[in-house]
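Each remark here refers to the structure printed beneath this line.
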Amino acid sequence: MAIGKEQIAKRIAKEVKDGYYVNLGIGIPTLVANYVRDDISVEFQSENGVLGMGPFPFEGEEDADIINAGKQTITTLPGASFFDSALSFGMIRAQKVDLTILGAMEVAENGDIANWKIPGKMVKGMGGAMDLVASAENIIVAMMHVNKAGESKLLKRCTLPLTGVGCVKKVVTELAVLEIVPEGFKLLERAPGVTVEDIKKATEGNLIIEGDIPEMVID
Amino acid sequence: MINKKIQNVEDALKGIEDGMTIMLGGFGLCGIPENSIAELVRKNVTNLTCISNNAGVDDFGLGLLLQKKQIKKMISSYVGENAEFERQMLSGELEVELTPQGTLAEKCRAAQAGIPAFYTPAGYGTEVAEGKESREWNGKMHILEEAYKADFAIVKAWKGDEAGNLIFKGTARNFNACMAGAAKITIAEVEELVPAGELDPNQIHIPGIFVQRIFKGEKYEKRIEQRTTRQRN
């Protein structure tokens with residue numbers, strides 16, 4: 001049985017370590033903040049110009065001047081700071097941000113990622129995604145393993161316009177945790193109840209299976 | 001003190017003409033120069049090239065200029081919240097240059113800082129890199145991006161003084177701080193305009209040298225795009 005979006009976020013939250021500055025993308029990545037252990041110190045960066053993001057405000061306390069990159073109203077935590085967009089991407093480009101978690105439409109076995117455009121259908125723009133993937137040292141992608149038609153989104157080569165080349169390090173899906181190595185997708189963990197065979201069927205790119213594959217531990 | 005104070009938005013936007021390139025600050029609807037956008041609609045200048053991270057929503061922000069077809073070309077990083085924008089782009093009425101957000105910010109900052117071009121890894125290997133010079137630096141590929149050249153920059157700040165010094169609030173600083181001084185003429189609209197000497201020089205985010213005209217915006221709607229809250233326990 002595949003896991004849900006909340007559980008994907010829970011599993012990714014385990015990758016967040018003490019002392020990390022973390023940038024979270026829109027969608028499943030945003031949920032990760034809810035599951036980070038509260039005995040470690042982490043600061044969330046939003047590329048529109050804030051470090052030290054807190055939870056959503058209480059009703060009636062929303063401030064139009066304090067939002068995240070998803071344009072949602074937010075709060076700040078003690079130690080927070082605001083800055084302009086050039087400085088924000090300066091800290092991203094200069095690799096001061098330790099971990100970037102974002103969504104994707106496709107990931108290829110060579111670490112390429114596509115998540116900004118479906119030609120003729122959807123053209124919303126890349127926002128900060130191209131800057132993030134080009135510079136971040138540690139990129140985890142949260143995504144669905146297959147699309148609605150049941151086709152794999154973990155491919156030999158991306159078919160959609162690229163966001164970045166050879167940059168993804170790890171992928172967490174509803175079926176598995178995979179690491180990108182020079183030979184392809186190395187299977188690290190299976191979702192509870194999911195077999196290696198299920199993951200093979202759902203993965204178009206080269207899947208590397210070494211020894212027994214443990215089940216994901218969530219919670 | 002060189003006084004930059006202008007009495008009203010109409011005078012502040014004098015000289016903006018059809019076909020010009022204008023930078024506008026803001027991220028989503030956060031920190032957009034609302035009063036100046038309303039005046040651009042009223043003035044009915046057309047064929048504009050607008051450099052702005054987003055294009056507003058259908059009925060607010062730059063969406064108001066799009067509705068009246070005043071924009072010829074839009075340079076942005078993300079335009080997902082605007083159905084009219086998408087319609088004009090797909091029909092070919094509107095020219096669109098999508099630029100990675102950090103590159104867009106740096107192209108503004110470069111103009112502000114007198115740097116003609118810079119290398120960035122963002123977009124290497126993607127369609128953004130097409131037609132651009134690329135070069136390896138420190139073992140990694142980068143592409144050459146040029147500073148923007150704009151006629152006017154219109155920014156919005158929280159507080160300002162008559163000398164043109166600006167202070168921003170929260171995440172409304174965003175592109176406003178990068179665009180101030182990045183065009184031939186910078187217009188700043190502020191929520192609160194005070195006499196010179198009232199703002200602490202230690203707290204100024206953008207010094208007045210980057211601002212040619214400053215005025216107090218008549219009203220601020222400050223629309224929230226995604227109002228998200230949590231329950232009180």
Side-chain angles (χ1 to χ4, degrees), chain A residues 26 46-50 53 55-76 80 82-90 92-93 112-114 116-117 119-135 161-167, chain B residues 27-31 53-54 76-81 86 89-90 96 98-106 108-110 112-113 120-128 140-142 158 168-178 205-206 220-232:
Chain A
I26 297 164
S46 197
E47 64 269 23
N48 59 313
V50 55
M53 243 191 307
F56 295 138
F58 291 121
E59 208 175 307
E61 292 177 5
E62 311 92 303
D63 184 338
D65 289 327
I66 303 179
I67 64 166
N68 64 16
K71 284 109 181 176
Q72 297 171 307
T73 44
I74 54 156
T75 59
T76 53
F82 297 116
F83 34 86
D84 68 66
S85 302
L87 194 61
S88 180
F89 282 93
I92 288 165
R93 234 181 271 113
D112 289 358
I113 177 172
W116 73 283
K117 185 179 183 182
K121 271 193 195 161
M122 197 266 321
V123 191
K124 291 180 186 301
M126 66 292 279
M130 281 192 184
D131 309 271
L132 281 158
V133 301
S135 294
L162 294 181
T163 306
V165 293
C167 51
Chain B
F27 181 95
L29 300 178
C30 180
N53 188 55
N54 312 90
S76 301
S77 85
Y78 190 81
V79 293
E81 325 295 345
E86 204 162 4
M89 176 169 64
L90 292 172
V96 179
L98 290 168
T99 303
Q101 196 175 132
T103 299
L104 197 153
E106 196 63 16
C108 296
R109 201 198 72 86
Q112 182 190 54
T120 177
Y124 177 75
T126 76
E127 58 187 64
V128 165
K140 186 169 172 172
M141 290 306 293
H142 291 69
W158 179 35
F168 304 96
K169 182 179 153 236
T171 53
R173 194 182 315 186
N174 56 56
F175 288 86
N176 288 302
C178 317
H205 292 135
I206 290 291
Y220 284 96
E221 181 180 332
K222 290 200 182 182
R223 202 184 287 188
I224 293 174
E225 232 169 299
Q226 305 284 341
R227 188 179 297 272
T228 43
T229 55
R230 74 190 138 126
Q231 295 291 319
R232 276 174 212 275

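Order of the sequence lines sets the chain letters (A, B, ...), proteins ahead of strands, with each chain counted from 1.
Residue A:Ser46: no heavy atom, backbone or side chain, is found under 4.5 Å from chain B. At a 4.5 Å heavy-atom cutoff, the contact between B:Asn54 and chain A is made by side-chain atoms alone. For B:Glu225, the parts lying under 4.5 angstrom from a heavy atom of chain A are both the backbone and the side chain. Proximity to chain B is absent for every atom of A:Asp112, based on heavy atoms less than 4.5 angstrom apart. If you measure heavy-atom distances from B:Met141 to chain A, you find no contacts under 4.5 Å at all. When heavy atoms are compared at a cutoff of 4.5 Å, A:Ala129 does not approach chain B at all.
Atom CZ of A:Phe89 sits about 10.0 Å away from atom SG of B:Cys178, to the nearest 0.5 Å. Here the CZ atom belonging to A:Phe56 is positioned 9.5 Å from the CD atom belonging to B:Gln226, to the nearest 0.5 angstrom. For the atom pair A:Gln72 CD and B:Arg227 CZ, the distance stands at 13.0 Å (nearest 0.5 Å). Annotation: the span from A:Ile92 atom CD1 to B:Gln101 atom CD amounts to 8.0 Å, rounded to 0.5 Å.
The minimum heavy-atom distance linking B:Cys30 with A:Ala64 is given by the pair SG-O, 3.5 Å. Shortest non-hydrogen contact noted between B:Gln231 and A:Phe58 is O-CE2, 3.5 Å. Between A:Pro161 and B:Glu127, the shortest heavy-atom distance links the atoms CB-OE1, 3.5 Å. Across every non-hydrogen atom of B:Glu106 and A:Ala86, the tightest pair is OE1-CB, 4.1 Å. Between B:Lys169 and A:Asp63, the shortest heavy-atom contact is NZ-OD2, 3.0 Å.
Interface remark: of the candidates B:Val96, B:Leu90, B:Asn174, B:Ile224, B:Asn174 forms the most heavy-atom pairs closer than 4.5 Å to chain A. Of all the listed residues (B:Thr228, B:Thr120, B:Thr229), the one sharing the greatest number of non-hydrogen pairs under 4.5 Å with chain A is B:Thr228. Heavy-atom pairs under 4.5 Å with chain B were tallied for A:Gly164, A:Gly166, A:Pro55; the largest tally goes to A:Pro55. The greatest number of non-hydrogen atom pairs below 4.5 Å with chain A, out of B:Pro100, B:Ala172, B:Gly31, is found for B:Pro100. Contact count versus chain B (heavy atoms, under 4.5 Å) is highest, among A:Gly49, A:Gly128, A:Pro57, for A:Pro57. Options B:Gly102, B:Gly28, B:Ser76 differ in how many heavy-atom pairs under 4.5 Å they form with chain A, and the most are formed by B:Gly102.
Here the side chain of A:Asp65 pairs no donor or acceptor atom with the backbone of B:Gly170 at under 3.5 angstrom. A donor-acceptor pair is defined here as one N or O able to donate and one able to accept, closer than 3.5 Å; such a pair exists between the side chain of B:Thr171 and the backbone of A:Ile67.
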Check against side-chain contact (heavy atoms from CB on, under 4.5 Å), A:Asn48 and B:Asn53: CA-CA 10 Å; A:Asn48 59 313; B:Asn53 188 55; over 6 Å; no

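For B:Thr126, the side-chain contact (heavy atoms from CB on, under 4.5 Å) partners at least two apart in sequence or on another chain are A:Met130, A:Leu162, B:Val128.
The existence of a salt bridge linking A:Glu61 and B:Arg232 is confirmed by a sub-4.0 Å separation between a basic side-chain nitrogen and an acidic carboxylate oxygen. By the 4.0 Å N-to-carboxylate-O rule, B:Arg109 lies too far from A:Asp84 to be salt-bridged with it.
Judged by the 6.0 Å distance and 45° axis criteria, A:Lys71 is positioned over the aromatic ring of B:Phe27.
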